[in-house]
Amino acid sequence: MLQTSANLAWLIALPLFSSAILLLIGKRANSWGHVMACIVSASTFTIGLVEFFAMQSRSAENRAVTQKLFTWISVGSLNVDAALLLDQLSICFVLLITGVGTLIHIYSIAYMSLDLDRRRFFAYLNLFIAAMLLLVLGDSYLNLYVGWEGVGLASYLLIGFWNQKPAYATAAKKAFVANRVGDAGLSLAIMIAFATFGDVSFSGIKEQTELASTTQLTAIGLMLLLAACGKSAQFPLQSWLGDAMAGPTPVSALIHAATMVTAGVYLITRSNFIFDAAPTAQLMVVIVGGITLLFGAIIGTAKDDIKKALAASTMSQIGYMILATGLGPIGYAFAIMHLLTHGFFKASMFLGAGSVMHGMKDEVNMRRYGGIGKFMPITALTFGLAYLAIIGVPPFAGFYSKDKIIETAFNAGGSKGLLLGITTLLGAMITAFYMTRVVLLTFFGNERWGHKDEPAESPALMLIPIGLLSVGSVVSGFFLARGEALVHWLEPVVNPLKEHHSGEFLSPIIVSLLTLTAVIIGISIAVNKYRSAQADLAPEKVSILTTAARKDLFQDSINEAAFMRPGQSLVGRLLKIDYLVIDGLVRAVGSVSLTAANKLRTLQNGYVRSYALMMVIGALALIAVIWSVTA
Amino acid sequence: MAIANYLYLSAILFTIGAIGVVVRRNSIVVFMCIELMLNAANLAFVTFARINSNLEGQVVAFFTMVVAACEVVVGLAIIVTIYRSRRSASVDDASLLKR
């Protein structure tokens, strides 16, 4: 029997309540709304810490706590409680969401200080925190689904926050539609799970996994993977993430880098009992992760918009996590480790990019940056630390997490392991290349911003959160990997040590050396290419590969040709059928009775004598009928 | 005299009445034609009562007379009212109930 805790509901209720207040009170909350939102976010972090330390003081088997809120659905054999579950996996997410979330709330006070709608922005941020916490705290797929939809809504609202620009509103819509495809996958997975197990709670399904056939489990697994692809911007549903950068930069840092887009990784890790029993689905997970990590990295090399380059990098790094989750029990722990370290360094980079944009009058084109390091030393330093973390230089955070994934990939066994290992290694090299490119174009080289105003360093309210996050990107990897702390912590949830190591293909030290070599090659190519003075316009004569990467490897064109245009023409035709056939029938009935009525109306001429004549004729007709029937 | 002749007379009277209602414009005449039709029906009732040698037909004839008396009261009142407001007894003038 699990222990219960009364604190869990507050984690969700506080930000939800605060969001409702900010939205309902309106302009009167303009002066204090952002402060309240920050306090609420900080108090959820405090609750998270309290729960974490309480959890640490218990033995490994008794760490999970639960709280039943109310009986939600009780229909026939479907019984779903609105209940929360905080276990070793959820607490990682709770701390990441509330911790990074609080820092980003504080950062946003300064970043959004000139925006008239700052209160609404904070209301949406709090709504996001509430939904995301519900997503990771739900104890069944149905509870998770509510949070899943909630974060989708918050993401939509925040991407389209400046919806007065049509392009931004379109980006929000695109993200929503792409997410919807994934959501359909999740709801199908829930339905199949209910049909198979008669239950939708994690614990209920976990107990009955052996009873289901492999086909059923594979179907559930593939649908869950589709859901993860939508939310985590994985191939083939990845196209929305680049456009999602239309939202304010703190949103990109919180939702589209650190937390929401990693929900897919959470979903797969949470469903480990299904994927472990469905090898085909697990293989698909690995394939999707592998494709996306290269896909994102290649797109990242060609983007001149600093936020889009970082978005492509996010896509690629989540590809690493998804790939790791497909590698069996040990992979889950490494996926979560990379997720946590990525949360730190990517949020730090996005906030750094926001700081640069703040100093550069909202310019996002890196071709018009250059030499900013002199003017914004603190931003440059923190960005640099996060940069070293993401490319995986020891002893920064990314080194510990990414090396483990590469090592696990190589050790997956046989030609599959070799292929995956090379893919991840190649990904690491491209990552080093495009991140070095971003750093060189932004902070070094000649000044290309085309005006005399020197960029000024951002205010302390922005620099402190960036600083804390970059400290996290330096040390988090070491602390999580020390003595395999996270692996042991997550053991009760994902059983990472259940699988016996079937002989190591490559030892950790060789993998580290290989990765470092790949990273150094990547850096040196980038340094070689971008060391010299750059023009402030992107070169026009480029190879076909660069053109393809600039156009996101034609992902939009393919989506438009394969789904949007046929869909539009189908809808157009259906509309025509609806107008001609269905509406036509209704209109025919109407016009026939109208015409008939108009003809009949002329009989009503008002002359009593003509009415009398009609009565006579009628009576005669009646007599004739009776006569003909009886005679 | 054959009893059927009463029925022929009744039919003739009814036809005259019906034609009168349709053809004449003066509402008093139309009214009298209606009375003629009612009495033609009465004659038929009484004749059938005689033919079938029971009294029901004769009783119904009395009912018809009562109804006809009521109808005269109401009908004449309407005609007088219309005449007062329109200065005309023609049924074609009272044609406001048209489409």
Side-chain angles (χ1 to χ4, degrees), chain A residues 166 169 173 565-631, chain B residues 7-8 10-45 48 64 67-68 71-72 74-99:
Chain A
K173 208 158 64 181
R565 300 239 159 71
Q568 274 180 339
S569 92
L570 179 70
V571 169
R573 269 169 220 174
L574 285 177
L575 204 64
K576 234 174 231 169
I577 291 174
D578 180 56
Y579 184 77
L580 291 177
V581 179
I582 299 175
D583 282 9
L585 274 175
V586 176
R587 274 199 307 271
V589 170
S591 68
V592 162
S593 44
L594 196 65
T595 321
N598 263 331
K599 291 259 151 64
L600 279 173
R601 203 159 70 144
T602 55
L603 291 176
Q604 303 276 332
N605 55 12
Y607 292 108
V608 178
R609 294 188 301 140
S610 94
Y611 297 159
L613 185 61
M614 269 183 268
M615 277 169 70
V616 171
I617 292 169
L620 288 178
L622 211 58
I623 290 166
V625 169
I626 292 169
W627 214 327
S628 66
V629 170
T630 49
Chain B
L7 289 179
Y8 292 134
S10 162
I12 290 164
L13 287 177
F14 189 90
T15 312
I16 292 170
I19 290 171
V21 166
V22 174
V23 173
R24 298 302 296 264
R25 287 202 184 83
N26 190 319
S27 48
I28 302 292
V29 178
V30 170
F31 202 62
M32 284 175 1
C33 290
I34 290 171
E35 291 301 314
L36 196 58
M37 282 156 73
L38 282 167
N39 283 315
N42 268 353
L43 183 57
F45 273 125
F48 283 123
T64 312
V67 172
E71 186 233 341
V72 167
V74 177
L76 275 177
I78 292 172
I79 290 168
V80 169
T81 320
I82 290 177
Y83 183 79
R84 275 187 187 157
S85 64
R86 301 187 165 260
R87 295 278 132 203
S88 155
S90 166
V91 286
D92 284 4
D93 284 347
S95 63
L96 284 176
L97 274 177
K98 61 188 163 200
R99 61 190 170 96

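The figures that follow rest on heavy atoms only: side chains count, while hydrogens, waters and symmetry mates do not. Just so it is clear: chains get the letters A, B, ... in the order the sequence lines come, proteins before strands, and each one is counted from 1. The structure displayed is predicted, hence computed values, not measured ones.
- In plain terms, the two heavy atoms of A/A612 and B/V21 that are nearest each other are CB-CG1, 3.8 Å.
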Review item, side-chain donor-acceptor pairs of residues 613-631 of chain A, under 3.5 Å, at least two apart:
| residue | atom | partner | partner atom | Å |
| --- | --- | --- | --- | --- |
| A/S628 | OG | A/A624 | O | 3.3 |
| A/S628 | OG | A/V625 | O | 2.8 |
| A/T630 | OG1 | A/I626 | O | 2.8 |
| A/T630 | OG1 | A/W627 | O | 3.3 |

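- A/R609 is listed as a side-chain neighbour of B/D92, based on a closest heavy-atom distance under 4.5 Å.
- Neither the backbone nor the side chain of B/V30 has a heavy atom closer than 4.5 Å to any heavy atom of chain A.
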For residues 31-41 of chain B, which side-chain donor-acceptor pairs fall under 3.5 Å, sequence neighbours excluded?
| residue | atom | partner | partner atom | Å |
| --- | --- | --- | --- | --- |
| B/N39 | ND2 | B/E35 | O | 3.2 |

